[in-house]
Amino acid sequence: MVKMSVDPVKVKELQICTSSNGEKRESWKETDELQEDHLGLTAKPKQPKPENAVTIAVSTRVLFRTELEEKVFEQHGVEEYLRYQIEHENEPFAPGPAFPFVKALETVNARLRELYPQSEELFDIVLVTYNHAHVGIRLINTINHHNLFIERFCMTGGSSPIGYLKAWQTNLYLSANAEKVREALTEGIAAATMFTTDKRTEVSETQLRVAFDGDAVLFSDESERIFKAHGLDKFFEHERANEDTLLDHGPLKGFLEALGKLQKKFYAKGQRLDCPIRTFLVTARSAASSGIRALKTLRAWGLEIDEALFLAGAPKGPMLEKIRPHIYFDDQMFHVEGAAEMGTVAAHVPYGVAQKHNSGVGE
Amino acid sequence: MVSTIANVDVMQKDADKALVVAISCSAVLEDADDGDVYAAGAAFALLQALKSVNRQLVAANPDESLLFDVLLVTTDERRRRQSARIVSSTKHYGLEVSRFCFSGQEDFVECLLENQAQLFLSTEPEEVALASQRGVLSALLGHQTWSSPSEQLRVLLCGDDVVATFTPATQRFWSQLGALRGRFGVLDSPVSVSVMTAHGGRQHFGAILAGLRSRGLKADEAHCLAGAPRGPILEVLRPHFLLGDLAWLP
């Protein structure tokens, strides 16, 4: 732990606790890019180049639980908030809604490294936060405490993170700030808002499970517009008539694609049955009718989805509770809340026509 | 022979208490094809930012003595001889230059030392190297720095050995800059200090943050690249100048 007195001048010796995950890997050769020992750095696997990796940017408020600190900020302002953070620097935060997802990403990375030691096609996690540098040490201590593999940080000190998301070639941005998520989506970056809930069902520690809603998440919101404007019958009619026309893509299509690419790397090594990534489509569309168009579109895009669940309008909560994804993406708060009530970590994708309505009534 | 001339149009600062920033004339005023007035150079926006910071410091405290004290330095014979034109151009643009130093290639560093310059900025690598060798903290402008207008002075400390390579000159500069930064609140400050580590991971990053804090510098932004290319990040960060052990590298 960092030993810091409140008076910075008195500090003579600074210790940051070393994490137990910094084991030297024998299979790595010494290269210029490997962390050099003369800087006192433990030798860890080389970080991938952003363009090669699937970059996940997470904010502190979704990776950890910071409600207490947020309250300090709201009630007493930023100076007091920072002072509080520094004072509690040695107290790690508790895991937040994105924590199990991030842990699962690391599990996949470990498996990928075993099979492809030289490859940079991995998940890369960047902590992207509005926080000022002052909070950095507490975040590092927390990451050490929980044995996370995060080495990249982007602390914007109050500036907008959007430009940095692009600079990091972010494939997915998770934040508690809906406005920033919306902005990211506008800039073409897959993003979703996450919420802290108390109830959380247990999820797998060996397999990353990601579930997606269909319309306005993987696909565009074109069909949802029809439904909202003209009702269910017109929606069915339209889908039937356009069965062979591909749906347009939605904001999370790229992320599903990135997952698919990594999955193929496991299949190539004969690990299809034991693949540590599993994807799910959880849609209110019906298998026999409107769902066909969704499947045809996915197939045309060359995307595989492991399980497609067509609920034909039935509530999603119970199904998600069975699937137990690490994260579920939906464009409607109604479903996000419903999922959360049953302990599923759901993320809101504020995209499309559903945002103009307060709560969707089914799809 | 080095002559330092005060700019009578600008309020003189107490050099002992101010943060003296010397800027090479060619970085501020570029040759223009016609007229008696030079064109604006790469450091123009930086000067405007320094002026803005000073204005806000004085607005907060009329007796403030910790201000940016700008010294414009000529570093070649040609410009040394154009003192009148330089002074009038400075006046023309309303630049807050406190003093002028009309020196040449061989003696501009003397000028920096005599005037207690805590920081020297130039677009010429050789000049930066010469000043550094004599112990003056120096930074190169125009290389991964931005000259677009900005409301805020943006300073970046970039490197992997930044704390270990602190010299007394570096320490003094960062203490002064830290104190100056401290005159403003956390948000909406006209000065933003950023820190960036290039190759180390989070342990190293944390050690740098702690080390800087103990030396009186609280950064606003902090970036740990852990090997990622820094060009794209710098394009968003847009520092007016960079300091540190990796300031030169792509």
Side-chain angles (χ1 to χ4, degrees), chain A residues 2 4 8-12 14-19 22 33-36 39-42 44 46-51 77-79 81-82 86 124 126-127 131-137 139-141 143-144 150-169, chain B residues 150 152 154 157 159-165 175 178 181-182 184-189 191-238 245:
Chain A
V2 174
M4 290 285 301
V9 175
K10 289 210 185 78
V11 176
K12 288 272 186 290
L14 301 155
Q15 298 152 329
I16 309 255
C17 70
T18 47
S19 63
E33 295 141 305
L34 202 59
Q35 320 294 333
E36 280 120 51
L39 291 174
L41 306 165
T42 50
K44 290 184 186 156
K46 193 185 75 171
Q47 295 292 115
K49 286 193 206 65
E51 71 242 30
V78 68
E79 313 262 351
Y81 163 79
L82 291 175
I86 293 171
D124 186 28
V126 185
L127 189 66
N131 271 303
H132 283 69
H134 310 58
V135 188
I137 291 169
L139 289 171
I140 292 166
N141 283 339
I143 289 167
N144 288 343
I150 300 171
E151 303 293 345
R152 290 178 160 160
F153 294 75
C154 175
M155 309 188 72
T156 74
S159 298
S160 170
I162 304 297
Y164 290 119
L165 290 177
K166 285 200 203 163
W168 277 105
Q169 306 210 38
Chain B
S150 163
Q152 191 187 51
R154 300 177 64 73
L157 176 58
D160 286 331
D161 268 339
V162 287
V163 171
T165 56
S175 298
R181 173 69 188 85
F184 301 104
V186 174
L187 301 172
D188 302 317
S189 163
V191 183
S192 170
V193 179
S194 302
V195 171
M196 181 188 285
T197 58
H199 297 114
R202 69 172 182 272
Q203 306 295 48
H204 180 244
F205 182 55
I208 297 288
L209 290 178
L212 287 172
R213 191 200 286 176
S214 74
R215 284 166 174 75
L217 185 73
K218 283 199 200 138
D220 294 284
E221 287 191 42
H223 299 266
C224 180
L225 303 183
R230 64 182 193 174
I233 310 290
L234 285 180
E235 273 187 49
V236 181
L237 220 167
R238 311 206 135 220
D245 54 286

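Quick caveat, the model's predicted, so the values are computed rather than measured. All heavy atoms count here, side chains included; hydrogens, waters and symmetry mates do not.
A heavy-atom distance below 4.5 Å is found between the side chains of A:His132 and B:Leu187.
From A:Ile140, atom CD1 reaches atom SG of B:Cys224 across 7.5 Å, with rounding to the nearest 0.5 Å.
A:Glu151 and B:Arg202 get closest at one heavy-atom pair: OE1-N, 2.7 Å. For A:Met155 against B:His223, the heavy-atom pair with the smallest separation is O-NE2, 4.1 Å. Nearest heavy atom pair, residue A:Ala167 against residue B:Pro232, reads CB-O, 3.5 Å.
Here B:Ile233 is the residue among B:Val195, B:Ile233, B:Asp188 with the most heavy-atom pairs under 4.5 Å with chain A. Contacts with chain A were tallied for B:Ser194, B:Ala222, B:Gly227, B:Gly185; B:Ala222 has the most, counting heavy-atom pairs under 4.5 Å. Considering only heavy-atom pairs separated by less than 4.5 Å from chain A, the leading option among B:Thr197, B:Val193, B:Asp220 is B:Asp220.
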Can I get a per-line list of side-chain donor-acceptor pairs under 3.5 Å for residues 159-166 of chain A, giving both atom names and the distance, sequence neighbours left out?
residue	atom	partner	partner atom	Å
A:Ser160	OG	A:Ile162	N	3.2
A:Tyr164	OH	B:Glu221	OE1	2.5
A:Lys166	NZ	A:Glu187	OE1	2.6

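For A:Ile150, the part sitting under 4.5 Å from any heavy atom of chain B is the backbone (N, CA, C, O) and nothing else.
Applying the side chain to side chain contact (heavy atoms under 4.5 Å, CB included) rule to B:Ala228 yields the partners A:Pro50, A:Arg152, A:Trp168, B:Leu225; only residues at least two apart in sequence or on another chain are considered.
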| Under the side-chain contact (heavy atoms from CB on, under 4.5 Å) criterion, do B:Arg213 and A:Ile86 qualify, and how do the steps go? | CA-CA 11 Å; B:Arg213 191 200 286 176; A:Ile86 293 171; 3.6 Å; yes
